[in-house]
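Just so we're clear, the structure is a prediction, and the values are computed from it rather than from any experiment. Nothing fancy with the numbering, it's 1 onward along the sequence.
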Amino acid sequence: DGTPKRDGYVFTGWNPAVAAKVTESKTYTATGIGILITQGKLSLDTRILDLFPEFAPEQPSENLQKLCIRHLLTMSCGMREMGPEGYGWLPNFLKMNVDYEPGSVFMYNSMGTNALGAVIKRVSCMDPEDFFRKELYEKLGMDLEQCFWTKIPDGYIWSAGGLFATTENNLRLMQLYLQNGVWNGERILSEEYVRLATTAQIDNSIGYTPEGGIIPQFESKQGYGYQIWMNSYPGSYRSDGAQGQYGIVFPRENLIVVINETLEGDSDELFQTIYKILLTSLRDDALPENEAECQKLRERMRRLAIPAPACRPLTETAIRISGTEYSVQEGTFTFLTAFEPREFRNTGIRVSDGIDHFSFDFKESCCEMRYVENGKPWDINIAMDGTRSKEILAVEKHTPTKVLFSGTWVSETVFEVKARWIESTVEKTICFMFDDDSVSVEAKLTLGTLGAYKNPDEIAVARALVGDPQEKES
């Protein structure tokens, strides 16, 4: 989905999804901090230890004592590492060595952004979900049903990357910055806060760490504001989420370009395309109406679609193994993705130890798969007629996930299942390769591979059970 807006007019965009999980969450979080500052409830120079004295080390270092809100906003906490996740993450964050003077060096630190979410909760005396709904979403006319957060185990929002939001909601957020913090005549962010947030407050040209580790692409080392990135195009800035989620603002042109895509290639190429093609095509006077070309565009937008899954007939193997229950004997696999790995990196939630048992019940147009995961039985439908079936996967203490399932027999003995996440940029492919009384399983991400290093390809071997599975195992 790519949606440009100029001079108050929204131009054509295509969005096959609903809310998507975004690391533009950081810009939303910083906006919440800006609201509290504008309301006089917080200051850029408020010390973190003053906000959370109960988590302060017995002998805090001089650098830790200097750590303020502005340093969290600018990713300049002075730490070399982000810190551990999971229960106790906030006190553990404040126990991290602050090796550099806060404000002196850039280090991409998502746990610092999580700490900003904790600040919002403490200073506002509200659940952050309620705070954002009252102070931001409702005022900007956002779709309230399509704005919600993943929670960290101890009740804080995962403010570094756990927000679900639509492309239009992201557009409204960046429109607030373009309008210098005013919406429908109400000042939501102070003009000074917007100025600081959207201009470079720290040099990030060396890389994501103080030592120059993880060298970013060209557009990601142009300076950093308050959880907002600067662009190489003069005067422009952006919110920036993983795998191609952008809210790019061009104040001089009075233009915003909002993108929500699965970008696995060179993001610099995307930005250069916008600069060289879109921006050079702008003109101040209105183009003459061209109904024929407009109709072509409408028709193209109408026809855009994600390709339909393949539809093939059942094989003899499908008929033979239908209803057979299998028990995983070696390895592990799960339908969860790198965004929902077995141990979720930023929340510390133990999501899954893998699927224990499973069976398939094949019909002409669909397959019912039953499986046991985390000791809980699941029952999902996998479409086999060239469509996709929508299911909701949920694990304890985690946001339910909407997934589209499709399956096809790619050969006589291989059944391929594709799980496409509606609310993220991820697709996972699981191949079940059947032999006499066993099945080998291979699961891997085939779209949206950013998080693959957290959850590598999975390989498992399962064997057919005879009789009750518990009796068989005993």
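- The CZ atom of R47 sits 8.5 Å away from atom CG of L64, with the distance rounded to the nearest 0.5 Å.
- Taking the side chain as every heavy atom from C-beta outward, E135 and Q39 approach each other to under 4.5 Å.
- Looking only at distances, no side-chain donor or acceptor of R388 sits under 3.5 Å from a matching main-chain atom of L404.
- A distance-only check finds a donor-acceptor pair linking the side chain of D268 to the backbone of F218 [under 3.5 Å].
- Of the possible donor and acceptor atoms, one in the side chain of N114 sits under 3.5 Å from a partner among the backbone N and O of A160.
- Relative orientation of the Y137 and F132 rings is parallel, given thresholds of 30° and 60° on the angle between their planes.
- The distance from the CZ atom of F164 to the NZ atom of K402 is 9.0 Å, given to the nearest 0.5 Å.
- Within the 3.5 Å criterion, the main-chain N or O of I228 finds no donor-acceptor partner in the side chain of T27.
- Within the 4.5 Å cutoff, the side chain of W149 has no heavy atoms near those of the D127 side chain.
- Here the side chain of T38 pairs a donor or acceptor atom with the backbone of S190 at under 3.5 angstrom.
- K428 and A443 get closest at one heavy-atom pair: CE-CB, 3.9 Å.
- No hydrogens or angles considered: nothing links the side chains of D385 and S365 as a donor-acceptor pair under 3.5 Å.
- Using a cut-off of 4.0 Å between Lys/Arg side-chain N and Asp/Glu carboxylate O, E138 and K134 are scored as not salt-bridged.
- Here the side chains of M75 and I202 are not in contact, with every heavy-atom distance at 4.5 Å or above.
- Note that CD1 of I37 and CG of L44 are 4.0 Å apart. Values are rounded to the nearest 0.5 Å.
- Taking the six-membered ring for Trp and the full ring otherwise, the centers of Y233 and F250 sit less than 6.0 Å from each other.
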side-chain hydrogen bond (donor to acceptor under 3.5 Å, both in side chains) between Q295 and R298, intermediate numbers included: CA-CA 5 Å; Q295 183 57 36; R298 284 192 289 267; 3.1 Å; yes
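- For the residue pair E373 / T334, a side-chain donor-acceptor distance below 3.5 Å is found, with atom types taken as modelled.
- The side-chain heavy atoms of M142 and T166, taken from C-beta on, include no pair separated by under 4.5 Å.
- With hydrogens and angles ignored, the 3.5 Å screen pairs a side-chain donor or acceptor of N204 with a backbone N or O of S220.
- Contact annotation: the side chain of L270 approaches that of Y246 to within less than 4.5 Å [non-hydrogen atoms, C-beta and beyond].
- The closest side-chain heavy-atom distance from Q272 to E219 is below 4.5 Å.
- When atom types are taken as modelled, the side chain of N184 and the backbone of K139 share no donor-acceptor pair closer than 3.5 angstrom.
- Each of Y193, Y177, Y226 was checked for a side-chain hydrogen bond (donor to acceptor under 3.5 Å, both in side chains) with T31, and the lone residue meeting it is Y177.
- With ring centers used as reference points, F335 lies under 6.0 Å from F405.
- Using a 3.5 Å distance cut-off with no hydrogens or angles, the side chains of T446 and E427 do pair a donor with an acceptor.
- The side-chain heavy atoms of K26 and S110, taken from C-beta on, include a pair separated by under 4.5 Å.
- In plain terms, the two heavy atoms of Q201 and T74 that are nearest each other are CB-CG2, 3.7 Å.
- Remark: the backbone N or O of N180 is paired with a side-chain donor or acceptor of R187 at under 3.5 angstrom.
- Close placement of the Y224 and W229 rings is indicated, their centers lying within 6.0 Å of each other.
- Between I69 and L51 there is a side-chain heavy-atom pair separated by less than 4.5 Å.
- Scanning both residues, P309 and G386, for their nearest heavy atoms gives CD-O, 3.2 Å.
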Does the side-chain hydrogen bond (donor to acceptor under 3.5 Å, both in side chains) test come out yes or no for Q227 and T29, once each step is laid out? CA-CA 8 Å; Q227 310 282 293; T29 299; over 6 Å; no
